[in-house]
Novice: 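One structure, as C-alpha cells, below. Some questions next.
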Amino acid sequence: MAQVDTAEGGQGGAGRRDTDAGTWRARIGPAIRAASRPAPWKRGRVLAALALLLGLLMLLHAKIPNRIGNLGSLVETFLPWFGLFIPVLLIGALWRRSASGVAALLLPVIVWLNLFGGLLGDKSHPGSGLTVAEHNVGAGNPDPAGTARGLAASGADVLALVELTEEARGTYETELAKAYPYHTVQGTVGLWSKLPLSDTQPVDTKMDAGPLADTKPLDVKMAYNRALRTTVATRQGPLAVYVAHLGSARVNPRVGFWTAHRDRNAQALGEAIAAERNERVVLLGDLNGSMDDRAFASITSQLRSAQDAAGNGFGFTWPAKFPVVRIDQILVRGVQAGSSWVLPATGSDHLPVAARITP
C-alpha cells in the first residue's frame, strides 16, 4: 500500500507541475500575442515621440545652443530633474496600453542613468583627513551669531564663508575666533582655519568689465572683491585653497537665463587656477551654477567635484527650504575626497557643504 501511495503522490506532484506550467503558458501566450499585434504599437505614438525627444534632449544637451537666452546652460543647470518626466510618460504609456511608448522610454532611462546613476549611491568611505566646509552665509541672514556657532560645531578644519557684509563680519570673527585661530577676509569672502595660513591674496575674477574697470582704486575694488587664494599648512605639505563667490544667475523673461557676470567670473577663476603652481588645490565657493553647466568648463576641466567623487546623492544646496540645485561647491585637484555631505540649514538661504579630503 505504501508503494501505491507513493506513486500516487508522485503522480499528483507531476500533475500539479503540469497544471502550473499550463497556467503560465495560458498567461504568457496571450500577453505575447497581444504585444505582437499592431494595435499596441500604433497607440500612444505621441507619447513615444515625447519619450524619444526627452532622451535626445538629455543625450545631446551639450549641443543645445546658448545663442538664445542661454538655453543650453539653463537646461544643463536643471538636467537631473528631466528624469521626472520618465515616470509621467510611463504612466501615460501604460494607461494608453502603448507598447511603442514603453519601448521608447528605454532611451531616456538609459541616458539618465548614464548621466546621474552614479550619484544615487553612497560613495563615501571611512578614513581620516582634513574637513573643509563652505557656506554662503547670506547678506540678509537674521542670525549670523547662530550661523557661526553652527558652523564651528560642524568640526570643519577649514571653513570658507562668502557673502560677508561689513555689518556681520565682526560677529563671525568673534564667534569663530576660539575654534579658528587663523583667518583672512578679502572683501566679501573669508577663510577660517585651524591650521596656519600664508601667501593670502585676492583673486581678480573680473568683477568689473569695460574701459573704466582699470581706473578704479584698489581700495574701492577690494570693498566688493569676491575671491581669494591662500595656502593652508597641512602635515602633508602646503595646500592651495581658493574661495570664490561668482556672479548671480537670473531667469529674465526678456533675456532668458542671464549669466553674463557669472560666466566672466568663472572664466577668470579658471585662468587663475590654471596658473596655480601647487598641484594640490581645493576650491570652496558659491559658484551660482551646477557643474553640469558648460559655463564652468574652464574649472571642471581642472578640478573634480567632491560630491561627485565621494558624496551621497545630488547634494542640492539652494534654496535652503527646498533645494533644487547644487550651486555651492567643493572642487579638488591633487587630493582625494573621502566623503562629501550637506550640513544642516542656518539662517541663510543656502545650505552649507562639507567634505573630508586627504591632502
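We use all heavy atoms of the structure for the numbers below, so side chains are in, but hydrogens, waters and symmetry mates are not. All residue numbers refer to positions in the sequence shown, counting from 1.
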Novice: A quick test of your reading: do over 12 heavy atoms of other residues, nucleotides or ligands sit less than 6.0 Å from CD1 of Ile68?
Specialist: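 Atom CD1 in Ile68 is not packed in, count stays at 12 or less.
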Novice: So does Trp112 have more than 12 non-hydrogen atoms from other groups sitting under 6.0 Å from CH2?
Specialist: yes
Novice: Are any of the side-chain nitrogens in Arg229 or Asp204 under 4.0 Å away from the carboxylate oxygens of its partner?
Specialist: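 Salt bridge absent between Arg229 and Asp204.
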Novice: To the nearest 0.5 Å, what is the distance between CG on Asn141 and OG on Ser348?
Specialist: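 Going from CG on Asn141 over to OG on Ser348, the span is 6.0 Å.
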Novice: Can you confirm whether His135 sits close enough to Thr147 that some side-chain heavy atom of one is under 4.5 Å from a side-chain heavy atom of the other?
Specialist: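 They are in contact (side-chain heavy atoms under 4.5 Å apart), so the answer is yes.
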Novice: Please tell me if the side chains of Asp286 and Leu246 come closer than 4.5 Å, counting only heavy atoms from C-beta onward.
Specialist: no
Novice: If you measure only the distance, is there a donor-acceptor pair under 3.5 Å linking the side chains of Thr171 and Glu173?
Specialist: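 Checked: Thr171/Glu173 side chains show no N/O donor-acceptor pair below 3.5 Å.
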Novice: I'd like to check Phe78 versus Asp292 (side-chain heavy atoms, cut-off strictly below 4.5 Å). Are they in contact?
Specialist: no
Novice: Quick one: do Glu276 and Arg333 make a salt bridge, cutoff under 4.0 Å?
Specialist: no
Novice: How is the hydrophobic cluster of Val243 composed, in terms of its other members, when Ile, Leu, Val, Met, Phe, Trp and Tyr link through side-chain heavy atoms under 4.5 Å apart, directly or indirectly?
Specialist: Leu130, Val132, Val158, Val162, Tyr182, Val189, Leu191, Leu195, Leu197, Leu228, Val232, Leu239, Val241, Val282, Leu284, Ile330, Val332, Val335, Val342, Leu351, Val353, Ile357
Novice: If you look only at distance, which donor and acceptor atoms sit under 3.5 Å apart when one is on a side chain in residues 82-93 and the other is two or more places apart or in another chain?
Specialist:
none

Novice: For Ser340, run the side chain to side chain donor-acceptor pair (under 3.5 Å) check against Lys123, Arg356, Gln307 and tell me which one passes.
Specialist: Gln307
Novice: Looking at Trp81 versus Phe316, is the centre-to-centre ring distance below 6.0 Å?
Specialist: yes
